[in-house]
Each structure stands twice: as structure tokens, then as C-alpha cells.
Amino acid sequence: MSRAGTDEVAPSDADASLDALVHTLTQEAGRTLGVDAQACATATVRGADRWLAAGSVAVARCDGAQDRPRQGPRYDLRRTDEPVVVADLVAPFDAAVRADEVDDGRWPVWAHACRVQGFRSVAYVAGVHRDVVVRLGLYARQVQPWAGLLDRAAGLAQGIASVVAVREQVVALAQAMDDLLDCTRSRALVDQAVGVVMRERGCDAPTAMGLLTSAATYRDLRELAADLVAGGTRDRAAAARSVRDAALARAGSTAPLVGLTA
């Protein structure tokens, strides 16, 4: 959506601004929640998975480590829709941590990536808005009290999901506007071509449109109309006829040619 007109750039600018907002919300997630953690966000939009943003390269690498084996807290979250907490990736047992919140070897590839990047404690939550599901991962280098943060983190994920949903609406609206503009331009061009045929042949509009349609059997009507209008706007009728003849010959039809040049 990088159109030339001033009114057509606006949707693209809005699209970029919403993307930037998603990045900012993700990068500032730890500060927003009051926890020393870095975040990453992915989304499922109408069944299609999409990467959104990450607070650091290290977090992106850890989150991405889940994709090849298709194992990790993000995949568990996707399956159950319940928050997933791994309170301690280093200590195999801590009396203050529930047994289901320690690294128990379920996701060795992901856990190894986290240790390599220096992360010890992780939580994943989901937020839903309309047909958008955002999964927010929080990675901390020290053990964190996730239990008191999960609801707020889910609220943040929902906020990001709402931004993604609005962005999807903007993209769809921009595409609809582009299609409408193309249709309007095509219609105006065809109308001009009909006028050229009417003037040259001395026929009414339905007859002129029939000649154009017949001539465009093997060629795009808009291209044919453009050739006719390019010739028809010149003062010399001979030049206009030459352009129209060439356009109709390239269309592979000679019947309309007789009608236009007789």
C-alpha cells in the first residue's frame, strides 16, 4: 500500500503507526508490568500464525527455538489457552515453586536456548480480541513472582491483540479503497473509449460498448480502452484511427475494426 496520491498514503502511514505501536507495547511490556523481563509477541489471525515483535534478539531466539520441534510453552499455551509458567530453568527443585513450574525436561531445545541466552524464568499468556489471538512471552534473568502478574500480562496481550485487529481492518479498508479507485479509473477510461467509438462511428453508447467488448475478447478491456483514448485525444483523426486499428488488431478481432474505420 504505497500509492502515489496524498489521500492514498494515509492508510499506509496508519498501518506503519499501528505496527510501531505493537512493537512499543511489546518492548515496554516488562516496564508496563513492573517486572524485570523482556517480551516477545506472536499472533494468530484468522488461523494464520504471525510473528509480531520482540524486546531483544535474545528473546526472539528463545521464542524461535520452539518452532522446529514445535515444543515449548508457547505451543502448550496454544493448545490449552492457559498461562504457562516456568518459574526456574536452572534449579531442578525449589520449595517455593510448584512442581509444574520447574523445568522438567519437557522442552529441552527451548530450555537450552533460554540458558544460553541467560534467561532463568519465563511466563506465557494469551490475549484475545475478535479473531486475533496474541501470545505474549515474558523472559526474565531472575526468578519472578509470575502468579501476581499473569492477569495483568493477559490484559496487555489483549491490548496488543486489539491493535493487531485494528491494523487488519486498516489493511482491509486500504485494499478495498485501492480496488474501488482502480474500478473507478477503469470505468472512466472505458467511458472515454466509448465516447471515441461513438464519435468515430456515429453510433449510440450500447453499440459502441458492444464493439469494444467484441474487440477485447482476447485482451484486457482497460488496455484496449487506453489505446483508443490515446489516439482519440489527438486532433488528427488519421492518427487516432491508426492507434485504434493497432489496438483492435492486437486484440485478435477484425469485425469491430470494420465498424470503427468504415
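Residues Asp63 and Trp51 come closest through the heavy atom pair OD2-CZ3, 3.4 Å. For the residue pair Arg130 and Gln169, the shortest heavy atom distance occurs at NH1-NE2, 2.8 Å.
Arg31 CZ: 12 or fewer foreign heavy atoms inside a 6.0 Å radius. The number of heavy-atom neighbours closer than 6.0 Å to CG of Asp36, taken from other residues, nucleotides and ligands shown, is 12 or below. Other residues, nucleotides and ligands place no more than 12 heavy atoms under 6.0 Å from the CG atom of Asp151.
When only modelled atom types and interatomic distance are considered, Gln144 and Ser121 share no side-chain donor-acceptor pair under 3.5 Å. Between Tyr75 and Tyr124, the side chains place no donor N or O within less than 3.5 Å of an acceptor N or O (distance only, hydrogens not considered).
Side-chain atoms of Val86 and Phe119, non-hydrogen and from C-beta on, never get closer than 4.5 Å to each other. You'll find the side chain of Val45 reaches within 4.5 Å of the side chain of Glu168, heavy atoms only. Taking the side chain as every heavy atom from C-beta outward, Leu33 and Leu138 approach each other to under 4.5 Å.
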Determine, stepwise, if the pair Val84 / Arg74 fulfils side chain to side chain contact (heavy atoms under 4.5 Å, CB included).
CA-CA 8 Å; Val84 179; Arg74 172 160 51 85; over 6 Å; no
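Comment: Asp19 engages Arg167 in a salt bridge, judged by a side-chain N to carboxylate O separation of less than 4.0 angstrom.
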